[in-house]
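Numbers restart at 1 for each chain; the letters A, B, ... are given by sequence-line order, proteins then strands. Values below: every heavy atom of this structure, side chains too, minus hydrogens, waters and symmetry copies.
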There are 2 protein chains.
Amino acid sequence: MKNYSIGDMAKKYGVTVATLRYYDESGLLPFVKRNAQGQRIFTDDDLGYLEVIDCLKRSAIPLKAIRQFMAWCVAGDDTLPKRHAFMIEQEAALEAKIKVLQANLAFLRWKKWYYAHANEAGTEQIFFKPGTTQVDPKWRKKYLAEHSEV
Amino acid sequence: MKNYSIGDMAKKYGVTVATLRYYDESGLLPFVKRNAQGQRIFTDDDLGYLEVIDCLKRSAIPLKAIRQFMAWCVAGDDTLPKRHAFMIEQEAALEAKIKVLQANLAFLRWKKWYYAHANEAGTEQIFFKPGTTQVDPKWRKKYLAEHSEV
DNA sequence: CCTTGACCTCAAGTATACTTGAGCACTTAT
DNA sequence: ATAAGTGCTCAAGTATACTTGAGGTCAAGG
């Protein structure tokens with residue numbers, strides 16, 4: 001079983017050693033051992049944990065929640081129901097988040113189309129209801145018609 | 001054209017009036033006018049802008065970037081190319097973000113499956129390579145086989 | 001031997017995005 | 001006419017997630 005220094009792990013996960021120390025202090029790495037000199041040592045056994053942390057962090061889960069989960073991980077089999085529930089919860093949360101982002105993406109694409117056309121016309125005026133800066137709904141309909149067969 | 005108070009908009013967008021004031025101070029709302037008493041007034045013309053801000057905020061775009069975009073919006077037709085480029089950029093960024101989250105979701109689902117089975121067995125040990133706490137790759141393969149026909 | 005490099009702790013600083021509080025103005029209902 | 005409700009500014013406080021700096025240990029190479 002190979003050992004890894006904090007510097008190795010920092011490179012592997014694309015963070016600074018300061019960040020890893022901060023994670024450790026924050027309770028995200030309750031599994032790290034120390035050598036005789038007090039230096040952190042990571043092992044192959046830890047790589048699975050780090051993968052989970054990485055996933056949760058990229059999903060913008062707060063450190064506090066990750067800490068809780070990791071505490072359960074090192075606490076042993078008694079916490080398996082809690083860890084299972086945690087995954088179910090995070091799955092639902094992430095699905096919801098993705099749905100929101102997909103709606104946002106659709107909106108950005110409409111706006112991109114809008115600016116492409118405004119740009120071509122040289123002015124946004126072509127879209128406005130007379131006397132306002134509100135987009136005439138007919139343009140939105142036109143866009144949706146052009147992009148429905150996708 | 002209807003007018004709306006800051007309180008109206010706060011309700012409509014599910015934020016506090018303090019947050020809206022903060023957004024205004026931060027340059028996100030360069031379009032808001034004031035009445036004789038110095039109170040902010042929002043109009044129907046502004047609703048389109050707020051929709052964009054809402055979308056960008058939900059996509060975790062920093063206020064700084066949103067401020068830049070809004071400045072271009074009020075600057076007039078000269079900034080149309082920049083606004084078009086902004087949308088193209090944000091679309092790409094959001095697509096990338098969604099891809100990451102979808103990969104994370106797949107990972108969480110595997111972990112959910114893992115904990116469902118560990119839970120059933122009463123122990124995580126069933127997954128480990130002997131003498132380690134590393135998951136034997138055969139389980140991952142089993143999971144993928146069971147979930148490939150989706 | 002002594003400098004370089006990687007590690008350590010602890011404390012303070014930074015960035016972002018708000019939130020809260022103090023003190024004041026104006027409108028409206030009792 | 002006075003109290004409640006909504007609005008205002010400005011300053012300070014909070015939460016999260018790091019980042020930076022000071023000061024020190026230890027092992028290896030020239």
Subject >> Salt bridge B/Glu146-B/Lys142, side-chain N to carboxylate O under 4.0 Å >> reply: yes

**OP:** Taking heavy atoms of chain A and a 4.0 Å limit, find me the 5'-most and 3'-most nucleotide of DNA chain C within that range.
**Re:** C/dC7 to C/dT9

Subject >> Minimum side-chain heavy-atom gap B/Phe86-B/Lys82 below 4.5 Å >> reply: no

Original post:
Is there a donor-acceptor pair closer than 3.5 Å between any side-chain N or O of A/Asp44 and the backbone N or O of A/Lys2?
Top reply: yes

Original post:
When clusters are formed by joining ILVMFWY residues with side-chain heavy atoms under 4.5 Å apart, either directly or through shared neighbours, do A/Leu94 and B/Val100 land in the same one?
Top reply: no

Original post:
For DNA chain C, whose closest nucleotide is more 5', that of B/Ala18 or that of B/Ile61?
Top reply: B/Ile61

Original post:
Would B/Trp110 and B/His147 count as a side-chain contact (heavy atoms from CB on, under 4.5 Å) if you check the C-alpha gap in whole Å, the side-chain angles of each, and the deciding distance to 0.1 Å?
Top reply: CA-CA 9 Å; B/Trp110 141 248; B/His147 294 81; over 6 Å; no

Subject >> Sequence neighbours excluded - salt bridge (Lys or Arg N to Asp or Glu O under 4.0 Å) pairs with any residue from residues 58-75 of chain A >> reply: A/Asp54-A/Arg58

Subject >> 5' precedence on DNA chain D between A/Pro62 and B/Arg21 (nearest-nucleotide basis) >> reply: B/Arg21

Subject >> Residue-level proximity of residues 45-54 of chain B to DNA chain D when a heavy atom falls under 4.0 Å >> reply: none

**OP:** Mind running a 4.0 Å heavy-atom check of residues 27-42 of chain B against DNA chain D and sending the residues that fall below it, in number order?
**Re:** B/Arg34, B/Gly38, B/Gln39, B/Arg40

Original post:
Considering residues at least two apart in sequence or located in another chain, which fulfil the salt bridge (charged side-chain N to carboxylate O under 4.0 Å, His left out) criterion with B/Glu89?
Top reply: none

Original post:
Using a cut-off of 4.0 Å on non-hydrogen atoms, how would the nucleic acid contact of A/Ser5 be classed: base, sugar-phosphate, or nothing?
Top reply: sugar-phosphate

**OP:** Dump the intermediate steps for side-chain contact (heavy atoms from CB on, under 4.5 Å) on A/Tyr23 and A/Leu63, then the final yes or no.
**Re:** CA-CA 8 Å; A/Tyr23 286 172; A/Leu63 296 195; 4.3 Å; yes

**OP:** Using the six-membered ring wherever Trp is involved, compare the ring planes of A/Phe127 and A/Tyr114 and label them parallel, tilted or perpendicular (cut-offs 30° and 60°).
**Re:** parallel

Original post:
Of all residues at least two apart in sequence or in a different chain, which pass the salt bridge (charged side-chain N to carboxylate O under 4.0 Å, His left out) check with B/Arg83?
Top reply: A/Glu124

**OP:** Assign B/Thr16 to base, sugar-phosphate, or nothing according to its heavy-atom contacts below 4.0 angstrom with the strands shown.
**Re:** sugar-phosphate

